[in-house]
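Report on one structure; see the data block that follows.
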Protein chains: 2
Amino acid sequence: MVKCPHCQQVDAINKTGIVRGKQRYFCKSCQVHFSFPTAEATRPMRRHQVTIVDIAKELGISKSTVSRALRGQSDIHPGTRQAVLDAVKQFDYQPNLLAHSLVKSRTNTVGIIVPEFVSFFFPKVIIGAQNVLADAGYNVVICHSNESYETEVANARALLASRVDGLLVSHTKETRNFEHFRAFQRRDIPVVFFNRFCEDMTVSKVTVDDQAGAFRAVEHLIQTGRRRIAHLAGPDSLANSRNRLNGYRDALRQYGIAEEPELVISYDLTLEKANIYINHLLNLPQPPDALFTINDPTAIEALQVIKSRGLRIPDDIAIVGFSNDPVSALVEPGLTTVSQPINEIGQESARLLLRQLTSEEKFEPQTVVLPTELIVRGSTVA
Amino acid sequence: MVKCPHCQQVDAINKTGIVRGKQRYFCKSCQVHFSFPTAEATRPMRRHQVTIVDIAKELGISKSTVSRALRGQSDIHPGTRQAVLDAVKQFDYQPNLLAHSLVKSRTNTVGIIVPEFVSFFFPKVIIGAQNVLADAGYNVVICHSNESYETEVANARALLASRVDGLLVSHTKETRNFEHFRAFQRRDIPVVFFNRFCEDMTVSKVTVDDQAGAFRAVEHLIQTGRRRIAHLAGPDSLANSRNRLNGYRDALRQYGIAEEPELVISYDLTLEKANIYINHLLNLPQPPDALFTINDPTAIEALQVIKSRGLRIPDDIAIVGFSNDPVSALVEPGLTTVSQPINEIGQESARLLLRQLTSEEKFEPQTVVLPTELIVRGSTVA
DNA sequence: TTCGTTACCGGGAACGTTCCCGGTGTTTTC
DNA sequence: GAAAACACCGGGAACGTTCCCGGTAACGAA
């Protein structure tokens with residue numbers, strides 16, 4: 001009853017096992033195995049995409065010609081080209097970037113990994129970078145590591161797998177192992193760090209003059225008569241929090257003020273912890289008369305806590321933040337803060353990456369340090 | 001001097017033109033054209049990627065087997081599998097997602113297009129969506145249309161070209177033509193609108209009860225004694241600004257207050273225009289005693305303007321915003337506002353998309369309306 | 001023994017592009 | 001009027017995967 005598809009014989013057929021749920025046969029005379037295609041297994045009925053060959057067939061030309069017409073380059077008759085363009089419109093053809101990238105080995109895409117983006121800073125950086133990159137014809141895919149090392153590694157892996165041409169990163173506060181970024185370097189995929197960076201990786205970096213900014217902030221506090229200046233510092237894992245701490249110390253030293261260890265607290269950047277430490281500082285036998293925080297959200301949290309305790313700002317205690325978030329102008333009193341050129345950070349990072357992407361020869365990694373500026377508002381002077 | 005590569009003859013060779021900068025010859029006896037490969041044209045020295053076949057060659061097995069081992073499925077000897085895994089680690093092999101997506105015709109990626117993301121709202125939505133999507137194994141690429149219709153179209157085109165499996169959109173305030181989104185529908189790529197949506201497209205939508213929220217806000221103003229309530233409305237192109245306006249009108253009508261046309265101003269959501277109109281309202285012969293704005297940034301701008309004019313809030317004029325941005329709790333006085341479940345908007349949109357992506361049969365588009373809640377702060381009651 | 005079954009594995013065709021290379025007319029040049 | 005140049009176009013091999021299908025050895029049962 002089973003007929004060999006080759007010799008059409010019915011006998012001399014053996015069963016030879018069930019493979020993937022389908023009976024297989026063996027024809028002894030033909031010395032060949034065979035099985036019968038099941039009805040639905042013919043094709044998974046994949047939705048047909050209109051491709052370059054569909055256009056080619058329609059116009060009776062070759063796919064090479066269609067490709068040439070689409071890329072709008074050389075070796076194409078204007079008439080043919082127009083015909084292709086018309087057909088493309090008619091069939092609503094969309095080029096498949098996947099195939100394109102596969103053969104070109106480049107995706108015209110750069111990845112951006114940021115640790116968070118509900119605060120003002122990172123979105124603004126991304127927009128700055130994106131504008132520059134878009135002008136250069138690059139797409140951008142944004143990843144959000146959520147301050148989690150695992151997520152960051154997963155993000156990096158995903159970007160590597162999708163073969164981005166370059167990477168812009170600000171790492172998480174947890175990140176101490178940078179192997180997932182070195183994987184890009186090994187493949188000659190340029191990486192640029194911004195804002196937060198690994199000091200012992202030889203990559204391009206964009207940052208601001210954190211130390212000088214912090215110095216100016218603390219100097220300003222000293223010059224307005226403060227002596228017990230507390231500092232809520234960021235985690236030690238972040239270079240910029242180390243630098244801001246250094247700026248703080250520089251100022252104290254230069255003005256001959258001894259550093260009180262109890263006034264310097266390094267924490268994990270969460271508002272919960274910030275709240276705890278602010279209260280702790282205020283509860284000290286000798287509370288500080290000024291507070292310099294690692295960033296604006298922390299300063300604003302401090303502002304709320306201090307006001308809720310009925311203390312006067314800046315009379316009883318002065319506050320300085322860092323980065324001049326728009327909110328800092330809206331709170332009452334306005335927050336004195338160190339502004340950084342957020343948009344430029346993004347733009348400069350993107351430009352650095354682009355230069356690296358387009359340079360033919362070996363590119364020397366480069367570090368760009370942008371200036372900071374002290375913005376004085378009501379939280380330090382009445 | 002020129003030898004035919006076939007017959008090795010030297011005479012009977014003609015030049016037959018220079019094509020792409022290279023001399024071409026014709027051998028009359030072989031009846032064949034030929035040219036000589038230039039040295040550097042051999043290969044563009046493309047950096048070699050380590051692929052599945054490299055691993056296969058190294059282990060002396062076929063690429064099919066390596067592929068099987070990597071996908072960790074059936075029909076693979078545990079020993080072979082382990083050997084492959086070891087080699088993968090040793091050679092630092094990274095799978096090429098482009099090739100994978102090309103053959104599978106799916107990218108496991110969904111695109112998100114938002115009109116802006118410096119304000120609190122959209123980043124938060126994105127995070128909500130991303131969490132849900134990541135759990136389901138999807139990657140996310142975020143596009144930022146910057147409230148520009150052209151950019152939005154470009155974004156949509158790029159996402160289509162890179163073959164995302166689904167799309168989450170909040171369109172720009174300029175968008176009146178939705179053809180670029182219909183292109184996804186034509187290809188059976190599910191689209192979910194959130195926050196801002198096109199009413200006459202049959203797609204899934206996630207929104208909040210704008211009308212009820214606005215009603216509650218205005219009702220609250222009326223109940224606290226206000227009668228001349230102004231409304232700074234959003235552009236008519238956005239369904240949610242229309243709905244909020246409707247809620248405003250409902251409340252006035254229900255409480256028997258006639259609508260004053262001069263008190264309802266629709267504008268383009270920029271702070272510059274907001275400032276102008278706020279001042280305009282305050283300069284009216286009969287200025288309003290309350291202001292309900294389309295969103296929180298506008299309300300906060302109003303708050304600043306009003307305070308700078310020396311007017312008291314809420315005594316002289318009360319303010320209500322919309323969406324409960326974190327800033328609204330920080331300004332002084334605190335801003336009464338209508339909160340919406342921002343995170344849930346993202347999550348729900350993602351879930352809707354996922355259901356559509358995984359459902360076998362035809363999926364009926366669905367609209368989810370999430371509740372709003374009035375948050376009363378100092379800008380309306382002392 | 002001999003057949004049926006299981007457990008693996010390899011070959012090769014997709015997927016949708018680009019690019020190289022070689023063809024064929026037609027036009028220019030000497 | 002032939003040789004050289006030009007203007008177009010087509011074929012087919014990449015790119016790096018997955019998937020189908022068929023092969024082979026080993027083993028259990030009849």
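The structure displayed is predicted, hence computed values, not measured ones.
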Side-chain H-bond candidate by donor/acceptor type, [X] with [Y], under 3.5 Å:
X	Y	value
S145(A)	S148(A)	no
D86(A)	Q90(A)	no
S67(A)	S64(A)	no
T65(B)	S62(B)	yes

* To do: Give the C-alpha distance, both sets of side-chain angles, the deciding distance and a yes or no for side-chain contact (heavy atoms from CB on, under 4.5 Å) between L159(B) and C143(B).
  => CA-CA 9 Å; L159(B) 291 176; C143(B) 290; 4.0 Å; yes
Distances for protein N/O vs nucleotides 11-13 of chain C N/O pairs under 3.5 angstrom?
from    : atom 1 : to     : atom 2 : distance (Å)
dG11(C) : N7     : S64(B) : OG     : 3.2
dG11(C) : O6     : S64(B) : OG     : 2.9
dG12(C) : N7     : K63(B) : NZ     : 3.3
dG12(C) : O6     : K63(B) : NZ     : 3.2
dG12(C) : O6     : S64(B) : OG     : 3.1

Of the nucleotides [options], which one has an atom closest to the side chain of [X]?
X	options	value
V103(B)	dC8(D), dG10(D), dG16(D)	dG16(D)
I61(B)	dG16(D), dC9(C), dG10(C)	dG10(C)
Q49(B)	dG16(D), dC8(D), dC9(D)	dG16(D)
L102(A)	dG16(C), dC9(C), dT17(D)	dG16(C)
H77(B)	dC9(D), dT17(C), dC8(C)	dC8(C)

* To do: Return each pair, listed once, that meets side chain to side chain donor-acceptor pair (under 3.5 Å) where at least one residue sits in residues 133-142 of chain B; pairs must be two or more places apart or across chains.
  =>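 Listed once each, the pairs are R106(B)-Y138(B).
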Measure [atom1]/[X] against [atom2]/[N] and give the value in whole Å, please.
X	N	atom1	atom2	answer
N96(B)	dG16(D)	CG	C1'	6 Å
R163(B)	dG16(C)	CZ	C1'	9 Å
R106(B)	dT18(D)	CZ	C1'	14 Å
Y25(B)	dA5(D)	OH	C1'	14 Å
R71(A)	dC20(C)	CZ	P	10 Å
D75(B)	dC21(D)	CG	P	14 Å
Q94(A)	dT17(C)	CD	P	10 Å
F26(A)	dA25(D)	CZ	C1'	13 Å

Strictly distance-based, threshold 3.5 Å: is any side-chain N or O of [X] a donor or acceptor partner for the main-chain N or O of [Y]?
X	Y	answer
T175(B)	H171(B)	no
R68(A)	I76(A)	no
Q130(B)	V140(B)	no

* Hey, can you pull the residues of residues 180-189 of chain A with a non-hydrogen atom under 4.0 angstrom from DNA chain D? ->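 The stretch gives none, as no residue of it lies under 4.0 Å from the strand.
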* Steps toward side-chain contact (heavy atoms from CB on, under 4.5 Å) verdict (L357(A), D165(A)) -> CA-CA 8 Å; L357(A) 280 169; D165(A) 294 337; 4.0 Å; yes
* H180(B) vs F178(B) aromatic rings, parallel, tilted or perpendicular, using cut-offs 30° and 60°? ->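 Rings of H180(B) and F178(B): parallel, under 30°.
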* Under the side-chain contact (heavy atoms from CB on, under 4.5 Å) test, residues paired with D54(A) that sit two or more places apart ->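 side-chain contact (heavy atoms from CB on, under 4.5 Å) list for D54(A), sorted by chain: H48(A), V50(A), T51(A).
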* Base, sugar-phosphate, or nothing: which does T80(B) touch, judged by heavy atoms less than 4.0 Å apart? ->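 It contacts sugar-phosphate atoms only.
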* Asked: Heavy atoms under 4.0 Å, any strand shown: does L98(B) hit a base, just sugar-phosphate, or nothing?
  ->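 Here L98(B) touches no strand at all.
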* **B/S/- contact track for nucleotides 23-30 of chain C, protein heavy atom under 4.0 Å** => BB------
* **Pairwise 5' ranking along DNA chain D for P95(B) and P78(A), keeping only the more 5' one** =>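 Here P78(A) is the residue nearer the 5' end.
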Does [N] have OP1 or OP2 under 4.0 Å away from a side-chain N or O of [X]?
X	N	value
K104(B)	dC19(D)	yes
Y93(A)	dT17(C)	yes
S105(A)	dC15(D)	no
S67(A)	dT18(C)	yes
Q23(B)	dA5(D)	yes

* To do: Take the C1' atoms of the five end pairs on each side of the helix from dT1(C)-dA30(D) to dC30(C)-dG1(D), get both axes, and report the angle to 10 degrees.
  =>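 If I round to tens, the end axes sit 50° apart.
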* Determine, for E179(B) against R186(B), whether the closest basic-nitrogen to carboxylate-oxygen distance falls under 4.0 angstrom. =>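 Salt bridge present between E179(B) and R186(B).
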* Over all atoms of both residues, closest heavy-atom pair of S170(B) and F194(B) ->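 Between these two residues, the closest heavy atoms are OG-O, 3.0 Å.
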* Asked: Between T65(B) and A99(B), which has a closest nucleotide on DNA chain C that is more 5'?
  ->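 Looking at DNA chain C, the more 5' nearest nucleotide goes with T65(B).
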* Candidate pair L85(B) and L70(B), rule side-chain contact (heavy atoms from CB on, under 4.5 Å), full reasoning -> CA-CA 7 Å; L85(B) 260 34; L70(B) 255 25; 4.1 Å; yes
* **Heavy-atom side-chain proximity of R182(A) to F184(A) below 4.5 angstrom** =>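 No, their side chains stay 4.5 Å or more apart.
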